[in-house]
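Report on the structure given below.
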Amino acid sequence: MKRLFLSLLFSCFIIGITLAQNIQFLYGYGNNKPVNFITTEFYKALDGGPLYYFTDFKIDKNGYLESYTEISKYWIISKDENTSLTAQYNAGLNKDFQILPVYLVGVSKSTKVNELILSLDVLYRFDKFTNTNGVQITFQFLEYWEKLQLSGYCDVWNSGTWDTEKNQTVILFEPQLFYKISKRFYVGIEGRLSNYTLLAPYDNYVMFGLKWNLEN
């Protein structure tokens, strides 16, 4: 089982690096425990609507611990190109268990305020891990300055909790701020605030890191 996990994790890592537009190396602390991530990220503006994915590789002192991937595809349905249909898929691998998929479908609306890009997704969510369904709202923001990049998202949903009788509302907020030090490299900070107990022990953390832009 361990060999299978390592093989699948290595395959995810190779695929992620092969397709990635940037790779992020992040280190910090969450709940007084060290937290380390390697993140590969990809965004492509396809005809009809963009495709986006990222994969997080969580690492502890003994090596690879977990990988988690999110894939989002958008289909533009308005003339101003600000409204889209979207389908999303999230899943992962842990050294002790498989993180079963979360399936999401819904509508996305985006707008631009000066150079600040904002978007809001309203989604139906089915969590295979806990066999629960509900609604998710995702708010995203992105702005570029000459040297700085600000980005992040806030998810709010009501499925995928251990105690479904309480109908717990989950909030996950994850901002990033990176500073450009050369054509390809950025240094920055990432944080996460959440009441999502399934993320323990890293449900709240602050990390410092390096982002390597692979594109010209």
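Every heavy atom of this structure was used, including side-chain atoms; hydrogens, water molecules and symmetry mates were not.
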Do [X] and [Y] share a hydrophobic cluster (ILVMFWY, side-chain heavy atoms under 4.5 Å, transitive)?
| X | Y | result |
| --- | --- | --- |
| Tyr68 | Tyr52 | no |
| Tyr43 | Leu214 | no |
| Val107 | Val105 | no |
| Phe54 | Phe139 | no |
| Ile189 | Ile38 | yes |

If I compare all heavy atoms of [X] with all of [Y], which pair ends up nearest, and what's the gap?
| X | Y | result |
| --- | --- | --- |
| Ala91 | Pro101 | CB-CA, 3.9 Å |
| Asn213 | Tyr186 | CB-CE1, 4.4 Å |
| Pro175 | Phe141 | CB-CZ, 4.2 Å |
| Phe178 | Leu210 | CE2-C, 4.4 Å |
| Lys112 | Ile117 | CG-CG1, 4.4 Å |
| Glu81 | Ile76 | CA-CG2, 3.5 Å |

Do [X] and [Y] have side chains that get closer than 4.5 Å, going by heavy atoms?
| X | Y | result |
| --- | --- | --- |
| Phe208 | Val187 | no |
| Tyr74 | Leu46 | no |
| Pro34 | Tyr29 | yes |

- request: Give me the one residue out of Lys211, Lys147, Gln149 that meets side chain to side chain contact (heavy atoms under 4.5 Å, CB included) with Tyr179.
  value: Lys147
task: Please say which of Val135, Asn133, Leu104 ends up in a side chain to side chain contact (heavy atoms under 4.5 Å, CB included) with Tyr124.
output: Asn133
Rounded to the nearest 0.5 Å, how far apart are [atom1] of [X] and [atom2] of [Y]?
| X | Y | atom1 | atom2 | value |
| --- | --- | --- | --- | --- |
| Leu118 | Thr111 | CG | OG1 | 6.5 Å |
| Asp155 | Ile137 | CG | CD1 | 10.5 Å |
| Phe37 | Leu26 | CZ | CG | 8.5 Å |
| Trp145 | Lys180 | CH2 | NZ | 15.0 Å |
| Ile71 | Asn90 | CD1 | CG | 8.5 Å |
| Arg184 | Ile23 | CZ | CD1 | 11.5 Å |

Would the number of heavy atoms belonging to other residues, nucleotides or ligands and lying under 6.0 Å from [atom1] of [X] be above 12?
| X | atom1 | value |
| --- | --- | --- |
| Tyr144 | OH | no |
| Lys73 | NZ | yes |
| Trp212 | CH2 | no |

query: Just by distance, do the side chain of Thr39 and the backbone of Gln24 share a donor-acceptor pair under 3.5 Å?
result: no
message: Please check: side-chain N/O of Ser194 versus main-chain N/O of Ile171, any donor-acceptor pairing under 3.5 Å?
response: yes
task: Check step by step if side-chain contact (heavy atoms from CB on, under 4.5 Å) holds for Phe42 and Leu51.
output: CA-CA 8 Å; Phe42 171 88; Leu51 172 68; 4.2 Å; yes
query: What's the verdict on side-chain contact (heavy atoms from CB on, under 4.5 Å) for Asp121 and Gln140, showing C-alpha distance, side-chain angles and the deciding distance?
result: CA-CA 8 Å; Asp121 295 358; Gln140 301 178 71; 3.8 Å; yes
message: As a quick check of understanding, evaluate side-chain contact (heavy atoms from CB on, under 4.5 Å) for Glu174 and Tyr205, giving each step before the final call.
response: CA-CA 10 Å; Glu174 189 169 317; Tyr205 60 65; 3.8 Å; yes
task: Would you confirm whether the ring centroid of Tyr103 sits within less than 6.0 angstrom of the ring centroid of Tyr89?
output: yes
Derivation of the side-chain contact (heavy atoms from CB on, under 4.5 Å) call for Phe126 and Asn131: CA-CA 7 Å; Phe126 175 72; Asn131 284 314; 3.9 Å; yes
Carboxylate-amine/guanidinium proximity below 4.0 Å for Asp56 and Lys58: no
Donor on one side chain, acceptor on other, Thr138 and Gln136, under 3.5 Å: yes
